[in-house]
> 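Following this message is one structure expressed as structure tokens.
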Amino acid sequence: WKEKPYHINLSKKNNQIIKEYIFDMEQGKNISRFSKKGARSYTRLNHIRQKIFFIAELLENNFKLKDITKADEEVIHKLFDDMRKGNIRRLDGGIYKSVGDYVKIFKAFWHWWELVNRKTGKVVKDITTDLDTSTEEPKFVYFTEELLNEMIKIADPDMKVLMLFLYDTGMRVSEMKNIKVSDLLNDFKEVNIRNETSK
């Protein structure tokens with residue numbers, strides 16, 4: 001992505017400003033004093049990139065705004081309100097459930113934009129002060145033993161072991177990836193989950 005960091009559906013101006021933002025986040029530059037300092041991980045950068053591109057695309061498609069930095073309070077409030085109410089819908093026709101996540105991404109971007117301009121002596125109004133960052137509680141998702149047994153039928157032998165291990169321990173994939181041989185105890189019948197690997 002860094003070699004061609006552009007979104008084909010966005011204006012040149014939006015592509016350029018988002019590129020600058022992501023590259024600054026990669027280096028830990030121009031970060032709000034209220035945010036954690038330092039470079040962002042590549043996973044985080046990719047998440048930010050996808051969300052801010054999407055917000056910019058919504059602004060272009062629904063408000064004919066080819067420059068995300070020209071958004072005003074009215075437009076940005078309407079965008080997120082329309083997402084919450086279902087006036088702007090997902091590709092599958094559903095209503096956005098986690099609009100607050102998009103709001104947080106936009107707020108971080110806007111605070112970066114304010115800081116970049118402040119360094120050159122320009123004042124940019126904070127249009128994000130009254131934005132609602134709340135999200136709807138997700139429905140509980142569970143995985144039954146019957147579903148596991150169906151999946152095991154088509155899994156290869158190594159994957160079967162992993163699936164059974166994860167199901168039996170209730171462990172997250174990220175926690176499993178951090179397990180060391182030294183964490184396996186009692187002749188490999190018990191697993192010690194270290195504090196630094198568990199959530």
Side-chain angles (χ1 to χ4, degrees), residues 1-138 174 199:
W1 175 80
K2 285 177 72 174
E3 291 175 9
K4 295 181 181 178
Y6 298 103
H7 190 300
I8 57 170
N9 296 328
L10 291 182
S11 68
K12 186 177 178 181
K13 180 66 179 175
N14 273 333
N15 270 305
Q16 185 59 39
I17 200 71
I18 291 171
K19 175 186 169 184
E20 290 172 23
Y21 173 55
I22 299 300
F23 282 23
D24 270 8
M25 293 302 100
E26 181 187 18
Q27 295 174 24
K29 285 171 53 182
N30 297 314
I31 293 173
S32 165
R33 60 193 170 97
F34 301 110
S35 300
K36 178 185 167 190
K37 299 299 178 188
R40 290 349 189 205
S41 69
Y42 289 116
T43 303
R44 181 67 184 154
L45 290 171
N46 197 42
H47 177 74
I48 293 168
R49 176 185 64 86
Q50 289 173 340
K51 290 278 195 283
I52 201 67
F53 268 148
F54 182 70
I55 292 166
E57 191 173 2
L58 287 178
L59 287 169
E60 286 196 21
N61 293 340
N62 295 283
F63 300 94
K64 308 297 181 228
L65 196 64
K66 302 287 186 185
D67 182 351
I68 193 171
T69 65
K70 301 297 183 197
D72 60 26
E73 205 165 350
E74 186 179 334
V75 166
I76 211 66
H77 273 266
K78 179 146 180 49
L79 169 68
F80 293 123
D81 193 49
D82 282 351
M83 288 174 74
R84 284 184 195 281
K85 291 178 177 174
N87 297 331
I88 295 176
R89 291 182 173 259
R90 298 185 324 218
L91 289 176
D92 65 1
I95 296 175
Y96 289 95
K97 300 289 186 189
S98 301
V99 178
D101 292 341
Y102 290 95
V103 172
K104 288 174 188 172
I105 293 288
F106 181 78
K107 282 178 76 120
F109 166 79
W110 196 260
H111 293 148
W112 167 82
W113 180 239
E114 286 179 90
L115 188 55
V116 166
N117 278 275
R118 194 177 308 129
K119 287 184 173 181
T120 63
K122 297 176 187 172
V123 177
V124 172
K125 181 184 175 186
D126 186 358
I127 63 172
T128 68
T129 308
D130 297 324
L131 288 175
D132 179 9
T133 57
S134 65
T135 56
E136 188 177 308
E137 281 294 316
S174 59
K199 291 184 180 178

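Bear in mind that the values here come from a model prediction, so they are computed numbers and not experimental data. Note that these values count all heavy atoms, side chains included, but never hydrogens, waters or copies made by symmetry.
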> Decide yes or no for Ile76 and Leu131: does some side-chain heavy atom of the first lie under 4.5 Å from some side-chain heavy atom of the second?
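A side-chain contact exists here, since the closest heavy-atom pair is under 4.5 Å.
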> Decide yes or no for Lys66 and Lys13: does some side-chain heavy atom of the first lie under 4.5 Å from some side-chain heavy atom of the second?
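Not in contact.
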> Can you list everything that forms a side chain to side chain donor-acceptor pair (under 3.5 Å) with Asp130? Sequence neighbours excluded, please.
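Per chain and number, Asp130 pairs via side chain to side chain donor-acceptor pair (under 3.5 Å) with no residue.
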> If you compare all heavy atoms of Glu26 against all heavy atoms of Ala39, which two are closest, and at what distance to 0.1 Å?
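So the minimum-distance heavy-atom pair works out to O-CB, 2.9 Å.
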> Go through it in stages, so that I can follow the logic: the residues are Ile127 and Phe106, the test is side-chain contact (heavy atoms from CB on, under 4.5 Å), and I'd like the CA-CA distance, side-chain angles, deciding distance and then a yes or no.
CA-CA 10 Å; Ile127 63 172; Phe106 181 78; 4.1 Å; yes
> For Trp112, what residues pass the side chain to side chain donor-acceptor pair (under 3.5 Å) criterion, not counting sequence neighbours?
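Testing Trp112 for side chain to side chain donor-acceptor pair (under 3.5 Å), a comparison that skips the adjacent residues, returns Asp24.
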> Could you report the tightest heavy-atom contact between Gly94 and Arg89, atom names first, then the distance?
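Scanning both residues completely, I find the closest heavy atoms to be O-CB, 3.5 Å.
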> Quick check for you: to the nearest 0.5 Å, what is the distance between Leu45 atom CG and Met25 atom CE?
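Spacing of CG (Leu45) from CE (Met25) equals 8.5 Å.
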> State, to 0.1 Å, how close Ala56 and Ile18 come at their nearest heavy-atom pair, and which atoms those are.
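Shortest heavy-atom separation between Ala56 and Ile18 comes out as CB-CD1, 3.9 Å.
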> Can you label the angle between the Tyr102 ring and the Tyr96 ring as parallel, tilted or perpendicular, going by 30° and 60°?
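Tyr102 and Tyr96: perpendicular rings.
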> Run the salt bridge (charged side-chain N to carboxylate O under 4.0 Å, His left out) test against Glu57 and tell me which residues pass, sequence neighbours left out.
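For Glu57 there are no salt bridge (charged side-chain N to carboxylate O under 4.0 Å, His left out) partners, ignoring immediate neighbours.
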> Can you find a heavy atom in the side chain of Val116 that is under 4.5 Å from one in the side chain of Tyr21?
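A side-chain contact is absent here, since even the closest heavy-atom pair is not under 4.5 Å.
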> Roughly how far apart are Phe23 CZ and Lys29 NZ, rounded to 0.5 Å?
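That separation rounds to 11.5 Å.
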> So, taking the atom named CZ in Phe109 and the one named CD1 in Ile22, what distance separates them when rounded to the nearest 0.5 Å?
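If we round to the nearest 0.5 Å, Phe109:CZ and Ile22:CD1 are 9.5 Å apart.
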> With sequence neighbours excluded, what pairs up with Lys19 under the salt bridge (charged side-chain N to carboxylate O under 4.0 Å, His left out) test?
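In terms of salt bridge (charged side-chain N to carboxylate O under 4.0 Å, His left out), with neighbours along the sequence ignored, Lys19 is linked to no residue.
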> To the nearest 0.5 Å, what is the distance between NZ (Lys70) and CG (Leu65)?
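CG of Leu65 is found 9.5 Å from NZ of Lys70.
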> Mind checking side chain to side chain donor-acceptor pair (under 3.5 Å) for Asp67 and listing every partner two or more places apart, or none if nothing turns up?
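Thr69.
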> Not counting sequence neighbours, which residues clear side chain to side chain contact (heavy atoms under 4.5 Å, CB included) with Ser41? List them please.
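Scan of Ser41 (side chain to side chain contact (heavy atoms under 4.5 Å, CB included), adjacent residues dropped) gives Thr43, Arg44.
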> Return a table of donor-acceptor pairs under 3.5 angstrom between the side chains of residues 78-86 and protein atoms on other chains or two or more places apart.
unit_1, atom_1, unit_2, atom_2, d
Lys78, NZ, Asp82, OD1, 3.2
Lys78, NZ, Asp82, OD2, 3.0
Asp81, OD2, Lys85, NZ, 3.0
Asp82, OD1, Asn87, ND2, 3.1
Arg84, NH1, Ser134, O, 3.1
Arg84, NH2, Asp132, O, 2.5
Arg84, NH2, Ser134, O, 3.2

> Can you find a pair of side-chain heavy atoms, one from Leu115 and one from Ile31, that are under 4.5 Å apart?
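Side-chain contact under 4.5 Å: no.
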> Taking only residues at least two apart or on different chains, which pairs with a member in residues 97-112 satisfy salt bridge (Lys or Arg N to Asp or Glu O under 4.0 Å)?
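Non-adjacent pairs meeting salt bridge (Lys or Arg N to Asp or Glu O under 4.0 Å): Lys97-Glu136.
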> How many angstroms lie between atom CG of Asn9 and atom CG of Asn14, to the nearest 0.5 angstrom?
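Between Asn9 CG and Asn14 CG, I get 11.5 Å after rounding to 0.5 Å.
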> The criterion is side chain to side chain donor-acceptor pair (under 3.5 Å); which residues satisfy it with Gln16, sequence neighbours excluded?
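With neighbours one apart ignored, the set is Glu20.
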> Which residue pairs pass the side-chain hydrogen bond (donor to acceptor under 3.5 Å, both in side chains) test when at least one of the two sits in residues 114-123, sequence neighbours left out?
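For residues 114-123, and leaving out neighbouring residues, the side-chain hydrogen bond (donor to acceptor under 3.5 Å, both in side chains) pairs sorted by first residue read Asn30-Lys119.
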> Which value, rounded to the nearest 0.5 Å, describes the distance between Ile55 atom CD1 and Ile105 atom CD1?
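So the CD1 of Ile55 and the CD1 of Ile105 are separated by 7.0 Å.
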> Only counting residues at least two apart or in another chain, list the ones meeting ring pair (Phe, Tyr, Trp, His ring centres under 6.0 Å) with His7.
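Expected list: Phe53.
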